[in-house]
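A quick write-up on the structure given underneath.
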Amino acid sequence: MMRRPKTANFDESWKNIQSVTTAVMSESPVDRDEWCEQITSVYYLCMAMPTPLAESLYSKLKEYLINHVQSCREKVLEAPGNDILPMYDSLYKTYSRGAGYLNDLYMHLNQHFTKRTIKNEWCDHYMHSIEKVKKFEKVQDLAMNIWREEMIEKVHEPLVSAILQDITRDRRGVSAYSNILRDVIHSFVEVQSHEDPQGSQLQLYKELFEERLLENTGNFYQKEAQKLYEQNDVSNYMIKVIEKLDEEELRLRKFIHHTSISPCKKECVNKLIADIQDRLLDEYKIMLKNEHVEDLSRLYILIRRLNEGCKKMADIFHDHIFENGKGSIELMARGCTPQEYVDALLIVYRKFTNIVSNYLSNDQNFTDALNRAMTKMVNSTGDTKKYPRSSELLVRHADHILKKANCKNNSLSEIEDQLRNFIDLFKYVDDKDLFQRFYSKKLANRLIHNTSVSIELEEVAISGLKDRCGYEYTSPLQRMLIDMKVSDDLTKEFEQHLEQKNEKLNVVFSVNILQSGAWPFSANTGASEEQSDKNTPDFNVPSDLAVCIDKFKTFYNKKYSGRRLRFVFPLSNGTVVLNHTARQYTITMSVHQLAVLLLFNDKETVSKADIVNSLGLEKAELEKTLSSLVDSKIIKTEGDGYTINTEYVSKKRIFRLPTSTVKDHTEKEVEQTHQSVEEDRRLYIQAAIVRTMKSRKQLGHNELIQQVINLSKDRFTPSVAMIKKCVEVLIDKQYLERHSNQKDVYQYLA
């Protein structure tokens, strides 16, 4: 029912309202009827005729609250030193709850006076409205502001001092008023919680409390750090500091406002860690040297709290890894075996990978430091040589792993583990193009001479390389494997073809059909260009083999018209059984060696002239072939000829005869490979320059250098000197020209 305004006796009404207000603020019981009656009284005062008395009521209430808070303040100030916080907490809780009840008791004052006043004045005078908003607040907001002005702002010195003393006691392990402490601190925020969220709700808290808290925290932990460092060694100091920091974080979360946690933690870290960071890092070097991994983990936990702290640790970590791995570089300089070199690198890699993963949380700073150090080691020249030997040694190591002769005692899982280690080291090689050249040669030898442990494991190794460098990088290697699979199928088809025609060969014959562009053979490996055009072999093939070759050529030409076969005899193998000795031996050898031995089927002694006439080999190739047979003692010299050795003895019954064609990298061959790769790099850089300039048209010298390095870094790291030479070559070829007014700017010539 709508109440009608009427005249009111203000003094009598206020006396009754004040009585209920006093009961509410002291949390004394109030009769329900009395409560409702005084709410009605507030309404009639706000709607009084002829003049509303709302402003008078507001002023009386404000005066009452000021007097009430002043009396509370006297009680706080009179409380003994240790009781100031409990006294304040008790009074504040009673007051804040009472302020909430007052908001209900004076709800008509809020609705009929405060809102209406603000609304009317907002429309008329914008700036004046802002002043009125501050003057006529909701009753609860008015009460909290009075508490702030009359209590907190006037007793904050002893109050904050008591809070900080209690926090200090808690830091020292003395029991503190935990719940009271938290509530007192948060009262600094609650009294401004009604402020605009976009405004400064925490202004009072920060000005009166947080600044002093940070100062107190810094002073306390500065003394604590000095005491701990004097009383403990570094290891125990770190243990105690970690405990202190964990305890402080729990304490901060329990007591203070969440916005102060981060700056307080920072203050602790500065005093306990940052101020002695240099001393800790000096000890860190000793920890690394002595492999005190637990201390490394503790120091990491501390240092990571500092800006740039982990970066400084990682730089020291990088230098230590490189110093630790110098042994592998020294081994390389002394001409070590591939196995020794790889083992030395793996020891360093595994050791520090374990430290990073188990004690340094796989932190990216340390992972990068490990990668940089390993890259520096792997690509070091080790001596005055122009090129690092890592590519050559790693390839030779992989070749050892994948040769069946070296894997008799290794299980499949062991070989796969060795390949994974090989791939782990390969990723640090900068000269990926050089590695590819060496690897393709070794792979070709394994496949052609059937010394690979299995095609499946070859695919595992190539798959690992592809994961690191992409499909294009391993495409030539995969084409070799495809050729071998196709050749196996083709050999089976040839055998089926012979069966269908009821033809038999005197020997077991198989053939590998290799794509000429996919295999790393030099020009002198097979037939000469002239012989290639005539499709003729480079020596007189023994009759038994010639029949097989002719039949296969007929079969192949019928199956694939338009293709041309070129037989590469220096890379071909044959297996022969020795029947002239006391024991029977089965020996795999080159076709040239086999052709020489077949001459001894008809007679025991053959002159050198007969061998030359029968085989038609070049002099150099013939000398190598005869020398290998004599050195292995299968034949022996007799006058100007050779005779079969009927007393030949070997520990093995089945073996491969060494040949001068299949050999490890010699210094000359390695140098030739480097020169070939160097020439390919020059062409690659020239192509990269042209491609870049064609798209950009005009480019500065430094920017062009950087662009070329970025384009080449996946294959190799070009030197600036090489790029400059390539630029000069392209200028001479009129692909580029220098800008007429800016000599360090190049222009593309279409």
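Heads up: numbering here begins at 1 and tracks the sequence.
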Can you list, pair by pair, the side-chain donor-acceptor contacts under 3.5 Å of residues 345-353, counting residues two or more places apart and other chains?
residue : atom : partner : partner atom : Å
K351    : NZ   : E291    : OE2          : 2.8
T353    : OG1  : Y349    : O            : 2.6

Ignoring hydrogens and angles, write down the donor-acceptor pairs under 3.5 Å from the side chains of residues 299-322, residues two or more places apart or on other chains.
residue : atom : partner : partner atom : Å
Y300    : OH   : D363    : OD2          : 2.9
R305    : NE   : I301    : O            : 3.4
H320    : NE2  : L288    : O            : 3.4

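Salt-bridge annotation for E224 and K227: present, with a side-chain N of the basic residue lying under 4.0 Å from a carboxylate O of the acidic one. Between D295 and R298 there is a salt bridge, since a side-chain N of the basic residue sits under 4.0 Å from a carboxylate O of the acidic one. Looking at K206 and E211, no side-chain N of the basic residue comes within less than 4.0 Å of a carboxylate O on the acidic one, giving no salt bridge. In summary, R468 and D424 engage in a salt bridge, as defined by a charged side-chain N under 4.0 Å from a carboxylate O.
D343 pairs by the side chain to side chain donor-acceptor pair (under 3.5 Å) definition with Q339, not counting sequence neighbours. Every residue was checked against the ring pair (Phe, Tyr, Trp, His ring centres under 6.0 Å) condition with Y64, not counting sequence neighbours, and none meets it. Take S26 and apply the side chain to side chain donor-acceptor pair (under 3.5 Å) test, not counting sequence neighbours, and it matches S28. With sequence neighbours left out, E207 forms a side chain to side chain donor-acceptor pair (under 3.5 Å) with Q203. Every residue two or more places apart in sequence or in another chain that forms a ring pair (Phe, Tyr, Trp, His ring centres under 6.0 Å) with F426 is listed here: F435. Partners of E703 under the salt bridge (charged side-chain N to carboxylate O under 4.0 Å, His left out) rule, at least two apart in sequence or in another chain, are R696. Taking R32 as the reference, nothing meets the salt bridge (charged side-chain N to carboxylate O under 4.0 Å, His left out) condition, with sequence neighbours excluded. For Y205, the side chain to side chain donor-acceptor pair (under 3.5 Å) criterion is met by S260, not counting sequence neighbours.
Note: D166 CG to I180 CD1 = 8.5 Å, rounded to the nearest 0.5 Å. How far CD of E416 is from CG of L419: 7.5 Å, rounded to the nearest 0.5 Å.
Heavy atoms only, all atoms of each residue included: V184 and L85 are closest at CG2-O, 4.0 Å. Between C268 and E248, the shortest heavy-atom distance links the atoms SG-CG, 3.6 Å.
With ring centers used as reference points, W14 lies 6.0 Å or more from Y106.
Sorted by first and then second residue, the pairs that involve residues 89-101 and meet side-chain hydrogen bond (donor to acceptor under 3.5 Å, both in side chains), not counting sequence neighbours, are E27-R97, D89-K93, Y92-E190, K93-D183. Listed by first and then second residue, the ring pair (Phe, Tyr, Trp, His ring centres under 6.0 Å) pairs that reach into residues 214-250 are Y229-Y237, sequence neighbours excluded.
Of the possible donor and acceptor atoms, one in the side chain of R73 sits under 3.5 Å from a partner among the backbone N and O of E150.
Side-chain contact between V191 and N145 is absent, with no heavy-atom pair separated by less than 4.5 Å.
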